[in-house]
Amino acid sequence: MAAAIPATLIPGDGIGPEIVDSVVAVLAALGAPFAWDRQAAGMAGIAAAGDPMPQATLDSIAATGLALKGPLTTPSGGGYRSVNVRLREAFQLFANVRPAQTLIPGGRFEQIDIVLIRENLEGYYVAHEHFVQVGDDPHAVALSQGVTTRVGCRRIVEYAFDYALRHGRKTVTVVHKANILKAISGLMLDTAREVAQAYLGRVAMNERIVDACAMQLVLNPWQFDVIVTTNLFGDILSDQIAGLVGGLGMAPGANIGRDAAIFEAVHGSAPDIAGKGVANPLALLLAAGLMLDHVGRGALAGRLRTAIDQTLNADGIRTGDLGGKATTSELTQALIARLG
Ligand code: NAI
Ligand code: MG
């Protein structure tokens, strides 16, 4: 048997522990090689160690370079900064790769196959934000300063073109708002045009303004292959693209850096359904599939995706978000039976 691969496991908040338990059980049935080091973060980190991002969790990811992470709750407004954002910064996970494929035929859109690659460290997520007081209103004016660097743009666009080459994809669409945000978005577009020159004849480049792209994604999503864009646009468009393939319960994501990678679902901690045993574990399971691809175990990832397809389509076992009646544990058992 191949050697075990140490990997950090973060159950997370809300539905996190439920879907992580499901994924761990399915991966065990698959014979996935991961040796899990379970660590806390988010609200669970505060409960366990008084810190939403405990040092032990950071040390574990630094040692393994590989993590599977449940969603983490971030209180809106005041409170602490998003631990998701801080983890991406701590490990310089510059690329957020979010593939969306139709897994259930007969929905609003058939045969969707789009990979969105989102810059993960810059833009409006660097949080140089503050308020200005006017008269007696301390929050009269809100200011936010985003950051785009040429190095950051080059790194993400090259990643997108290399991804396209590695995966046999033909076109990279750069999504921007350079007509209005001439500096912060213009630098991305200019850099992308430069980078694209090196891939001429191998991967084509398209350009779309973000608002037009949002409309085109609904009118004719099949025109898109790989999309690369800045942080905030990528956040918004990846949720939209998830909607083309059945919603957030079906959308996995990979945060990739030079020295570490963290795999997660695109969705959050879903407090509205937490603890009810009805959450869809497939987004996180598909993320585990990306993690298997990442460590060179593509055959296992393929078996996993086949089992998911059989469970959804041949067995007709689906959770509520997909219009079915199955609980998390019923879906988990059905997946395990398919892997048996
Ligand atoms: P959300 O993604 O948690 O939920 C949005 C809607 O989708 C809810 O109705 C929820 O029930 C449903 N949903 C999400 N995942 C589902 C699943 N696996 N199965 C079935 N239904 C599912 O977004 P929301 O409510 O805006 O955020 C909740 C919390 O999660 C916030 O604190 C937010 O900051 C955090 N969050 C964390 C992320 C992460 O850890 N990567 C990503 C997005 C949000
Ligand atoms: Mg998001």
Side-chain angles (χ1 to χ4, degrees), residues 9-32 42-44 68-73 98-114 217-218 221 238-253 263-292 300-340:
L9 182 68
I10 300 173
D13 300 319
I15 60 171
E18 301 164 49
I19 59 176
V20 163
D21 280 352
S22 162
V23 169
V24 167
V26 173
L27 289 181
L30 177 68
M43 306 307 259
L68 184 66
K69 186 184 81 56
L72 305 176
T73 297
R98 296 180 160 182
Q101 276 183 323
T102 302
L103 296 182
I104 302 177
R108 283 200 194 94
F109 298 90
E110 300 276 4
Q111 295 183 335
I112 298 294
D113 182 9
I114 300 172
L217 275 167
V218 175
S238 59
D239 274 34
Q240 188 187 346
I241 292 168
L244 302 175
V245 298
L248 286 172
M250 304 297 282
F263 297 82
E264 63 182 345
V266 169
H267 64 70
S269 54
D272 52 333
I273 57 167
K276 296 188 175 151
V278 298
N280 183 353
L282 289 180
L284 192 66
L285 194 58
L286 291 164
L290 299 178
M291 187 166 162
L292 285 165
L300 282 177
R303 271 187 64 206
L304 179 61
R305 288 189 270 261
T306 301
I308 292 172
D309 173 45
Q310 292 168 331
T311 304
L312 288 171
N313 296 313
D315 304 339
I317 309 257
R318 301 173 188 177
T319 45
D321 57 309
L322 301 175
K325 290 201 169 64
T327 62
T328 309
S329 89
E330 284 162 355
L331 178 60
T332 306
Q333 290 316 312
L335 287 160
I336 289 172
R338 277 291 178 180
L339 289 166

Item to complete: Would you indicate whether the side-chain heavy atoms of Glu264 and Leu68 approach each other to under 4.5 Å?
Response: no
Item to complete: Measure across Leu244 and Pro221 and return the closest heavy-atom pair with its distance rounded to 0.1 Å.
Response: CD1-CB, 3.8 Å
Worksheet item: Is there a donor-acceptor contact under 3.5 Å linking the side chains of Thr73 and Ser269?
Response: yes
Discussion item. On a heavy-atom basis, which atom in Gly42 and which in Asp13 lie closest, and how many Å separate them?
Written reply: CA-OD2, 3.6 Å
Item to complete: Taking all non-hydrogen atoms of both residues into account, name the closest pair between Ile15 and Pro71 and its distance.
Response: CG1-CG, 4.4 Å
Worksheet item: Is any side-chain heavy atom of Pro281 closer than 4.5 Å to a side-chain heavy atom of Leu331?
Response: yes
Worksheet, complete the sentence: Nearest heavy-atom approach of Ala279 to Ile19 is CB-CG2, 3.8 Å
Fill in: Steps toward side-chain contact (heavy atoms from CB on, under 4.5 Å) verdict (Gln240, Val218)
CA-CA 9 Å; Gln240 188 187 346; Val218 175; 3.4 Å; yes
Worksheet item: So, do Ile308 and Leu286 sit near enough that their side-chain heavy atoms are less than 4.5 Å apart?
Response: yes
Practice prompt. Applying side-chain contact (heavy atoms from CB on, under 4.5 Å), run through Val20 and Leu9 and close with a yes or a no.
Written response: CA-CA 8 Å; Val20 163; Leu9 182 68; 3.8 Å; yes
Discussion item. If I take atom CG from residue Leu339 and atom CG from residue Leu304, how far apart are they, to the nearest 0.5 angstrom?
Written reply: 6.5 Å
Discussion item. Please report the interatomic distance CG(Asp315) to CZ(Arg338), rounded to the nearest 0.5 Å.
Written reply: 4.0 Å
Worksheet item: Could you give the distance from CG (Leu290) to CZ (Arg98), rounded to the nearest 0.5 Å?
Response: 11.5 Å
Discussion item. Is the shortest side-chain heavy-atom distance between Ile114 and Gln101 below 4.5 Å?
Written reply: no
Worksheet item: Which value, rounded to the nearest 0.5 Å, describes the distance between Asp321 atom CG and Asn280 atom CG?
Response: 4.0 Å
Worksheet entry | Leu312 CG to Ile104 CD1 distance, which is reported to the nearest 0.5 Å | 4.5 Å
Response to the item:
On a heavy-atom basis, the closest approach of Leu103 and Asn313 is O-ND2, 2.8 Å
Worksheet item: Between CD of Glu330 and NZ of Lys325, what distance do you get to the nearest 0.5 Å?
Response: 11.5 Å
Worksheet item: If you take all heavy atoms of Ala265 and Ala283, which pair is closest and at what distance?
Response: CB-CB, 3.6 Å
